[in-house]
Undergrad: 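Here's a structure for you.
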There are 2 protein chains.
Amino acid sequence: MTKAAAANRHEALSADTRDKILDAAEVLFAERGYSAVSTRNITDKAGVNVAAIFYHFGSKQAVLDEIFKRRLEPINRRREAMLAECIGPDVENYSVADILTAFIAPTLDLGTSSFKLLAGRTSTDPNPEVREVMFSVYDSVARSFFAALDKACPHLSKKEMFWRAACVYGAMMYIRADNSRLQYIFGDDFSLSNAEEAVRYAIPFLTAGMTSPPVDEPAGRLRKMPTKTAPSSNTKKRKGS
Amino acid sequence: MTKAAAANRHEALSADTRDKILDAAEVLFAERGYSAVSTRNITDKAGVNVAAIFYHFGSKQAVLDEIFKRRLEPINRRREAMLAECIGPDVENYSVADILTAFIAPTLDLGTSSFKLLAGRTSTDPNPEVREVMFSVYDSVARSFFAALDKACPHLSKKEMFWRAACVYGAMMYIRADNSRLQYIFGDDFSLSNAEEAVRYAIPFLTAGMTSPPVDEPAGRLRKMPTKTAPSSNTKKRKGS
DNA sequence: GTCTATATGTGGATAGAC
DNA sequence: GTCTATCCACATATAGAC
């Protein structure tokens with residue numbers, strides 16, 4: 001609107017336009033989903049010309065890609081820094097809770113609230129364009145964490161770890177996605193958007209699950225099991241499903 | 001199946017077209033997402049005319065709605081039957097594992113594999129049309145379960161239950177959604193699509209989380225971190241978006 | 001670098017012949 | 001009930017003037 005564009009000889013404005021597009025798209029994608037937002041929706045909200053997206057990024061998909069790259073970099077840097085504090089030579093002292101915190105907390109309290117929503121909501125988006133971006137941006141960080149968890153939980157087979165990882169991932173992504181389903185059930189006083197509460201209440205839940213006894217009887221030689229976590233008092237028999 | 005189809009001889013052909021549309025749409029929505037599938041994609045795959053969707057359902061959104069209603073009915077009937085076996089007069093004997101199994105198992109081994117994917121993948125879809133359907137079809141069943149869990153876990157405040165419910169929901173939906181992210185990390189030998197394995201390995205995880213000690217003191221006084229480990233120094237507050 | 005104008009295709013949905 | 005033909009709004013993307 002404002003024609004301060006008069007003072008725009010440098011690329012300052014170019015970068016500004018890029019960021020305006022990314023900011024607007026991030027919010028819209030989070031609110032309505034990638035597929036339901038058009039490039040015109042984005043440029044309208046960003047206050048830039050319709051052609052700017054294609055000049056600066058080349059395609060709508062490239063905008064999504066840039067959104068993730070830009071936010072994930074600091075998040076993953078922090079995750080790795082926190083993980084580095086958790087792992088050391090004394091494997092016996094690995095803390096599952098700390099590893100899970102290092103994995104999850106930065107995804108909840110870094111970046112923008114819109115990106116948090118977007119990341120959670122796109123994590124299971126089947127749209128091929130979205131999936132392509134997801135697989136290109138999510139990289140080796142997760143491997144480092146599961147390697148650390150593996151050392152911290154030597155009583156678990158790879159298969160058991162796989163299923164527990166799914167529970168961890170699912171909880172983390174669902175909390176990030178923050179659909180309002182649970183508010184609908186529990187009431188408006190409750191919300192998944194509070195990062196401190198999420199860490200406070202979800203990490204202990206996941207730690208208890210991760211450190212619980214293995215389902216399969218250990219056939220081979222195993223290292224000792226964790227002893228600090230309180231055993232679940234209510235795990236009675238299950239009938240087969 | 002065949003006899004039931006023969007029973008409604010009148011609308012046999014009409015119902016057939018309806019079902020062809022629903023079947024095709026269920027698969028396509030699961031594979032690519034609601035927003036990325038057009039009505040023409042659906043009618044092409046179903047082998048029916050393009051106008052059939054609007055004649056039989058009125059809109060694309062109504063097709064999604066019907067897909068959910070048709071599959072959710074038997075799933076929720078089974079859930080409620082299983083829950084009924086878990087709850088009784090002797091609250092002391094409520095089994096968290098059994099309640100969770102009643103809640104989750106039917107969503108994994110009933111219906112089609114496409115519907116399982118679709119349900120998981122749409123659970124956090126922000127598209128307004130999809131959300132509208134989600135809120136219209138998911139009903140009181142969840143309330144019954146959380147009421148039962150509340151009785152089985154009297155040591156938990158409503159807030160603690162809220163966060164644990166989020167973890168349970170998230171794990172269940174993520175497993176249903178079965179994006180291939182974890183295969184990418186753990187290898188192709190592992191898959192979330194096996195319902196028996198899901199029940200076998202995920203329910204104990206969630207039961208351990210659900211039955212773990214409360215984070216907050218029952219008296220109402222708060223303490224730092226409930227786990228054995230020292231509180232992570234990295235969980236300090238950070239400003240939101 | 002930014003804009004207008006437009007190319008080109010597809011979306012959901014409908015009318016009306018059969 | 002089914003199909004052809006079609007409406008029209010909007011999609012992504014580009015060309016070329018400024």
Side-chain angles (χ1 to χ4, degrees), chain A residues 1-25 28-29 31-67 125-130 132-133, chain B residues 5 8-26 28-29 31-67 125-133:
Chain A
M1 296 280 194
T2 49
K3 267 305 183 184
N8 69 342
R9 298 182 282 285
H10 309 334
E11 11 186 295
L13 203 138
S14 163
D16 201 39
T17 298
R18 274 181 66 97
D19 286 345
K20 276 196 239 171
I21 290 169
L22 292 175
D23 291 344
L28 290 175
F29 288 161
E31 280 174 353
R32 281 186 258 157
Y34 175 81
S35 312
V37 172
S38 73
T39 54
R40 279 185 156 76
N41 295 150
I42 297 168
T43 50
D44 282 357
K45 185 181 179 76
V48 301
N49 190 267
V50 285
I53 280 186
F54 304 99
Y55 176 76
H56 286 289
F57 299 97
S59 73
K60 177 181 161 185
Q61 191 188 22
V63 173
L64 184 69
D65 197 65
E66 260 308 296
I67 290 172
D125 193 323
N127 179 321
E129 280 180 49
V130 177
E132 222 174 78
V133 174
Chain B
N8 28 350
R9 69 260 172 227
H10 269 349
E11 307 142 19
L13 220 155
S14 161
D16 200 40
T17 298
R18 275 182 64 98
D19 286 345
K20 275 196 239 172
I21 290 169
L22 292 176
D23 291 344
E26 184 177 77
L28 290 175
F29 288 161
E31 280 176 353
R32 281 186 259 157
Y34 175 81
S35 312
V37 173
S38 72
T39 53
R40 283 180 164 80
N41 295 150
I42 297 169
T43 50
D44 283 357
K45 186 179 178 78
V48 301
N49 190 266
V50 286
I53 281 186
F54 304 98
Y55 176 77
H56 286 289
F57 299 97
S59 73
K60 178 180 158 184
Q61 192 188 21
V63 173
L64 184 69
D65 196 66
E66 259 308 298
I67 290 172
D125 193 323
N127 180 321
E129 281 180 49
V130 177
R131 280 176 60 86
E132 222 174 76
V133 174

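Note that these values count all heavy atoms, side chains included, but never hydrogens, waters or copies made by symmetry. Throughout, a chain's letter reflects where its sequence line sits, starting with A, and its residues are numbered from 1. Here the structure is a predicted model, which means the values were calculated and not measured.
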Undergrad: Note down the inter-axis angle between the two ends of the helix from C:dG1-D:dC18 to C:dC18-D:dG1, five pairs each, to the nearest 10°.
TA: 10°
Undergrad: To the nearest angstrom, how far is B:Phe29 atom CZ from C:dG12 atom C1'?
TA: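 So the CZ-C1' distance, B:Phe29 to C:dG12, works out to 12 Å.
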Undergrad: Please determine if a side-chain N or O atom of B:His56 lies less than 4.0 Å away from the OP1 or OP2 oxygen of D:dG1.
TA: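 So the side chain of B:His56 is outside the cut-off, no N or O lying under 4.0 Å from OP1 or OP2 of D:dG1.
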Undergrad: Please report, rounded to the nearest Å, how far the C1' atom of C:dT2 is from the CG atom of A:Asp44.
TA: 16 Å
Undergrad: Cation-pi between B:Lys60 and B:Phe29: NZ/CZ under 6.0 Å from ring centre and within 45° of the ring axis?
TA: no
Undergrad: Within a strict 4.5 Å, meaning less than it, do heavy atoms of the B:Leu28 and B:Arg32 side chains meet?
TA: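 A side-chain contact under 4.5 Å exists here.
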Undergrad: Can you check whether B:Ala62's main-chain N or O pairs, donor with acceptor, with B:Asp65's side chain at less than 3.5 Å?
TA: no
Undergrad: CD1 of B:Ile53 versus P of C:dG11: gap in Å, rounded?
TA: 11 Å
Undergrad: In whole Å, I'd like the distance from the CG atom of B:Asp19 to the P atom of D:dG1.
TA: 14 Å
Undergrad: Please test A:Arg18 against A:Glu66 for side-chain contact (heavy atoms from CB on, under 4.5 Å), starting from the C-alpha separation and ending with a verdict.
TA: CA-CA 10 Å; A:Arg18 274 181 66 97; A:Glu66 260 308 296; 3.6 Å; yes
Undergrad: Does some side-chain heavy atom of B:Val48 sit less than 4.5 Å from a side-chain heavy atom of B:His56?
TA: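 They are not in side-chain contact.
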Undergrad: Are any side-chain N or O atoms of A:Asp19 and backbone N or O atoms of A:Asp16, one a donor and one an acceptor, separated by less than 3.5 Å?
TA: no
Undergrad: Restricting both atoms to N or O, compile the protein contacts to nucleotides 11-18 of chain D shorter than 3.5 Å, with distance only.
TA:
from   : atom 1 : to      : atom 2 : distance (Å)
D:dA11 : OP1    : A:Ser38 : OG     : 3.2
D:dT12 : OP1    : A:Thr39 : N      : 3.4
D:dT12 : OP1    : A:Lys60 : NZ     : 3.2
D:dT12 : OP2    : A:Thr39 : N      : 2.8
D:dT12 : OP2    : A:Thr39 : OG1    : 2.8
D:dT12 : O4     : A:Arg40 : NH1    : 3.4
D:dA13 : OP2    : A:Lys60 : N      : 3.2

Undergrad: Under 4.0 Å between a side-chain N/O of A:Thr17 and OP1 or OP2 of C:dT2, yes or no?
TA: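 So the side-chain polar atoms of A:Thr17 do come within 4.0 Å of the phosphate oxygens OP1 or OP2 of C:dT2, strictly under.
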Undergrad: Rounded to whole angstrom units, what separation is found between the CD atom of B:Glu129 and the P atom of C:dG11?
TA: 14 Å
Undergrad: Within this structure, what is the CZ-to-P distance between B:Phe57 and D:dG1, rounded to whole angstrom?
TA: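 Computing the B:Phe57:CZ to D:dG1:P distance gives 13 Å.
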Undergrad: Between D:dG1 and B:Asn49, is there an OP1 or OP2 to side-chain N/O distance shorter than 4.0 Å?
TA: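 Answer no for this pair, as no side-chain N or O of B:Asn49 is under 4.0 Å from OP1 or OP2.
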Undergrad: A:Thr39 vs A:Thr43, test: side-chain contact (heavy atoms from CB on, under 4.5 Å). Steps then yes/no.
TA: CA-CA 6 Å; A:Thr39 54; A:Thr43 50; 5.6 Å; no
Undergrad: With heavy-atom distances below 4.5 Å as the criterion, would you say the side chains of B:Asn49 and B:Tyr55 are in contact?
TA: no
Undergrad: For residues A:Gln61 and A:Val130, determine if any side-chain heavy atom of one lies less than 4.5 Å from a side-chain heavy atom of the other.
TA: no
